[in-house]
Q: 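Sending over a structure as structure tokens; questions will come in a sec.
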Amino acid sequence: MKQSGNFTAAANKRHYSQERMVTLALLQIKNFSFSYPRSAQPALQGINISVEKGEFIGITGPTGAGKSTLTYCLNGIIPHFQGGSCQGRISLGGASIFDRSPAQISRLVGSVFQDPEAQIISPEVEQELAFGPENLGFPPAEIEQRIGKALELAGIPGLRNRPTVNLSGGEKQRVAIAAALAMLPEILVLDEPTSELDPVGTDEIFQVLNLLNKEHGMTIIMVEQKTEQLAAYADRILVFNEGRIALEGEPRQVFARRRELEQIGVRIPQVARLAGLLGGYERCTLPLTVEEGHLYLESILRR
Amino acid sequence: MQRKARIKVEKLTYHYGSGQPVLKNISFETGKGECIALIGQNGAGKTTLAKHFNGLHRPSSGKVYIDGIDTTSMKVSELARKVGFVFQNPDHQIFHDTVAREVAFGLRNLRLSRREIEERTAAALEAVGLTEHCRTYPFNLSKGQRQRIALASVLAMQTETIVLDEPTTGQDFRESVQIMEIVRKLNENGHTIIFITHDMSLVARYARRVLVLCRGEILADGDVRSVFAAPEILKKTYLRPPQITNLARCLGRHSIPPDVLGVRELYELLVKMRSEKIGCCS
């Protein structure tokens with residue numbers, strides 16, 4: 001693979017020793033830019049993100065904003081399988097991600113993509129989960145243990161011996177999540193995992209992710225268009241636009257920025273839009289869910 | 001005799017090969033100029049049903065009539081003049097090297113004059129906002145733009161009925177609205193529209209009638225308000241009304257109706273209520 005750009009090992013090591021003193025973030029992206037080959041416009045420009053262990057980060061924004069490109073940078077597709085030029089640096093657990101081999105990255109970063117059909121390769125659920133750990137050469141007893149744990153975490157122990165073709169969309173995506181978990185990753189990166197799912201399948205995925213995050217401390221980065229659910233579960237929202245981070249903050253802060261979001265083309269949760277029209281809430285208590293909306297409306301109706 | 005239904009489905013049952021039926025004894029009809037959302041969980045049979053409208057599937061038993069003619073007696077090429085179909089994934093239908101050629105393909109098959117082909121192609125590209133890209137290689141455009149190429153190809157055919165299978169999946173918010181606004185205009189111009197979607201806020205905003213499919217059967221068929229006011233039916237097929245409808249349902253004791261469809265609608269109801277309240281106190 002051809003690489004241009006400046007992610008040399010030496011340069012990264014120098015950065016590493018400087019940064020390690022000041023931060024304990026699990027994932028740190030610093031002044032990162034990326035351009036695809038023969039592309040005039042960079043796909044990512046000057047990205048800075050710091051993610052603590054156990055955070056649930058939601059990323060949204062229009063198509064072509066660089067959201068998927070960012071996920072490729074995290075799971076090693078860039079630079080290992082996709083050429084282009086990078087600047088800046090991405091470090092996971094203190095070390096540059098670009099110094100690691102795809103196999104090393106696969107242990108650290110679990111990936112789930114949009115289309116489960118394109119991701120699932122095995123005829124049976126158990127085989128699908130065994131595939132990753134087998135490739136890393138773990139002994140059968142350990143693989144067994146990991147499969148059991150991963151199925152439990154994804155809430156699908158009953159699917160273990162099922163053929164993958166017969167599963168519903170939501171089940172397939174949970175199998176993809178379980179397969180990622182069987183690698184015991186440090187971080188789970190999901191790129192629009194619910195876009196092909198019906199509303200209940202979508203809820204299943206969000207509930208599993210919420211449980212993984214809240215009960216098991218899994219760090220999650222999720223690219224998603226469904227802002228109503230993202231607002232309910234994410235600790236922090238990043239809005240991407242034209243390769244940059246346009247807005248960033250807690251869901252209540254971000255979804256209060258109605259004008260900017262409309263301009264960028266991001267769907268504002270309906271409850272938040274209603275509250276934006278009616279007013280009468282402080283910015284910190286902008287309602288985002290049906291329950292919050294109910295409380296908020298009861299309070300203004302009482303006035 | 002009463003006027004012919006545009007699409008009439010009579011006791012339709014369909015199974016792939018010798019498997020279990022995917023559609024079971026389905027009957028309904030659509031009138032001219034309707035805008036219908038076809039909804040239901042993944043695997044409910046929505047796409048399978050829609051593919052009966054353009055002859056890609058033929059009933060295992062029962063009948064499908066288009067403009068009063070039994071589809072089993074019509075070729076797919078004949079049906080293509082009556083029912084346009086926009087597939088879920090535009091990349092499964094786009095195969096030409098420029099946008100304009102892609103859109104002109106169906107028209108050339110209709111053996112129209114060169115002038116007519118050019119005119120219709122230009123009009124269709126203008127309708128979807130892709131005029132400036134007429135010479136572009138389709139795969140250099142975004143997925144949302146390619147979805148609009150597929151839509152333009154169907155528009156150019158000027159079919160009375162247009163079926164769209166999840167036209168907004170994988171699109172961002174703005175692209176979804178763009179596509180649905182085109183659909184709205186087509187409907188206003190008299191086209192009968194049937195669209196499949198999982199996005200209930202789009203159903204609330206654009207459809208007038210909803211067909212709810214669950215495991216190959218029709219669970220509900222009615223206007224959008226009545227269907228969304230019955231969340232227990234929707235739940236059976238893994239759907240849920242839009243967030244704003246759910247919120248309105250919490251406000252029954254304030255006499256907010258349970259069938260609110262949009263943010264603006266609930267806002268206006270609340271403002272009216274507040275001003276009435278102030279009025280009676282003063």
Side-chain angles (χ1 to χ4, degrees), chain A residues 60-65 67 114-115 166-172 192 194-204 225-229 231-232 261-278 280 287-298 300-303, chain B residues 39-44 46 88-89 141-145 147 166 168-178 197-201 204 234-251 253-254 256 260-271 273-274 277-278:
Chain A
T60 195
T63 54
K67 309 182 300 296
Q114 202 165 11
D115 180 5
N166 292 343
L167 303 176
S168 73
E171 287 171 338
K172 279 182 188 158
E192 300 199 22
T194 73
S195 77
E196 316 227 331
L197 303 184
D198 54 43
V200 172
T202 300
D203 281 355
E204 287 172 6
Q225 294 287 342
K226 294 176 183 166
T227 47
E228 280 168 13
Q229 285 95 334
L261 291 171
E262 275 168 5
Q263 204 175 16
I264 294 167
V266 168
R267 189 192 297 239
I268 301 169
Q270 287 188 320
V271 167
R273 258 172 56 214
L274 179 72
L277 290 172
L278 285 167
L288 295 171
T289 63
V290 170
E291 293 72 28
E292 290 171 2
H294 186 197
L295 289 174
Y296 152 75
L297 287 180
E298 289 291 352
I300 64 165
L301 288 172
R302 227 179 285 130
R303 277 177 211 167
Chain B
I39 63 177
Q41 74 203 85
N42 288 116
K46 305 181 294 295
Q88 182 173 357
N89 188 341
L141 297 174
S142 74
K143 183 99 181 261
Q145 288 169 318
Q147 188 69 264
E166 298 200 35
T168 64
T169 296
Q171 317 281 318
D172 64 33
F173 180 52
R174 186 169 286 159
E175 289 169 333
S176 300
V177 170
Q178 248 169 7
T197 187
H198 285 315
D199 186 332
M200 295 306 121
S201 62
L234 289 177
K235 209 174 167 189
K236 278 193 201 154
T237 191
Y238 291 14
L239 302 177
R240 204 178 339 84
Q243 196 185 37
I244 205 73
T245 311
N246 284 331
L247 178 59
R249 288 176 60 82
C250 300
L251 302 170
R253 71 182 188 89
H254 298 287
I256 295 287
V260 168
L261 292 180
V263 172
R264 186 53 71 169
E265 184 184 344
L266 183 56
Y267 169 70
E268 276 159 14
L269 283 166
L270 290 165
V271 168
M273 230 171 81
R274 231 177 2 183
K277 231 182 182 174
I278 293 164

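In the text below, chain A, chain B and the rest are named by the order of the sequence lines, each starting its count at 1.
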Q: Do you know the tightest heavy-atom contact between A/G265 and B/F173?
A: O-CB, 3.6 Å

Q: One pair to check against side-chain contact (heavy atoms from CB on, under 4.5 Å): B/R253 and A/E298. What are the steps and the verdict?
A: CA-CA 10 Å; B/R253 71 182 188 89; A/E298 289 291 352; 2.8 Å; yes

Q: How far does CG of B/N246 sit from CD of A/E291, to the nearest 0.5 angstrom?
A: 9.0 Å

Q: Could you tell me which portion of A/L277 (side chain, backbone, both or neither) has an atom closer than 4.5 angstrom to a non-hydrogen atom of chain B?
A: both

Q: Rounded to the nearest 0.5 Å, what's the gap from CG on B/D199 to OG1 on A/T202? Could you check?
A: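 Reported value, rounded in 0.5 Å steps: 10.0 Å.
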
Q: Report the option among B/E166, B/H198, B/Q88 that has the most heavy-atom pairs separated by less than 4.5 Å from atoms of chain A.
A: B/H198

Q: Given the options A/G64, A/P62, A/G169, A/G293, which has more heavy-atom pairs under 4.5 Å with chain B than any of the others?
A: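 Result: the option with the highest number of such pairs is A/P62.
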
Q: Measure A/L197 against the heavy atoms of chain B and call it side chain, backbone, both or neither at under 4.5 Å.
A: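 It is both, since atoms from each part get that close.
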
Q: If you take all heavy atoms of B/T169 and A/S195, which pair is closest and at what distance?
A: CG2-O, 3.5 Å

Q: Counting heavy-atom pairs under 4.5 Å to chain B, which of A/T60, A/T227, A/L278 comes out on top?
A: A/L278

Q: Counting N and O atoms only, with roles assigned by atom type, does the side chain of B/Q41 sit under 3.5 Å from a partner on the main chain of A/D198, one being a donor and the other an acceptor?
A: no

Q: Might you work through the side-chain contact (heavy atoms from CB on, under 4.5 Å) test for B/D172 and A/Q225, ending with a clear yes or no?
A: CA-CA 7 Å; B/D172 64 33; A/Q225 294 287 342; 3.8 Å; yes

Q: For A/L261, is it the side chain, the backbone, both, or neither that has a heavy atom closer than 4.5 Å to a heavy atom of chain B?
A: neither

Q: Could you tell me the separation between the CD atom of A/Q263 and the CZ atom of B/R174, rounded to the nearest 0.5 Å?
A: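 These two atoms lie 8.0 Å from each other.
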
Q: Measuring from atom CZ of B/R249 to atom NE2 of A/H294, what distance do you get when rounded to the nearest 0.5 angstrom?
A: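 B/R249 atom CZ to A/H294 atom NE2 measures 12.5 Å (nearest 0.5 Å).
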
Q: With only heavy atoms counted, which part of A/T63 is less than 4.5 Å from chain B, the side chain, the backbone, both or neither?
A: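 A/T63 touches chain B through backbone and side-chain heavy atoms alike.
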
Q: Name the member of B/V177, B/L251, B/L234, B/I39 that forms the most heavy-atom pairs with chain A at distances under 4.5 Å.
A: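 Looking at each option in turn, the highest pair count goes to B/L251.
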
Q: Once you round to the nearest 0.5 Å, how far does CG of B/N42 lie from CD of A/E196?
A: 8.5 Å

Q: Under a 4.5 Å heavy-atom cut-off, does chain B meet the side chain of A/V266, its backbone, both or neither?
A: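 Contact with chain B involves the backbone of A/V266 alone.
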
Q: If you measure from CG on B/L270 to CG on A/L301, what distance do you get to the nearest 0.5 Å?
A: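 If we round to the nearest 0.5 Å, B/L270:CG and A/L301:CG are 6.0 Å apart.
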
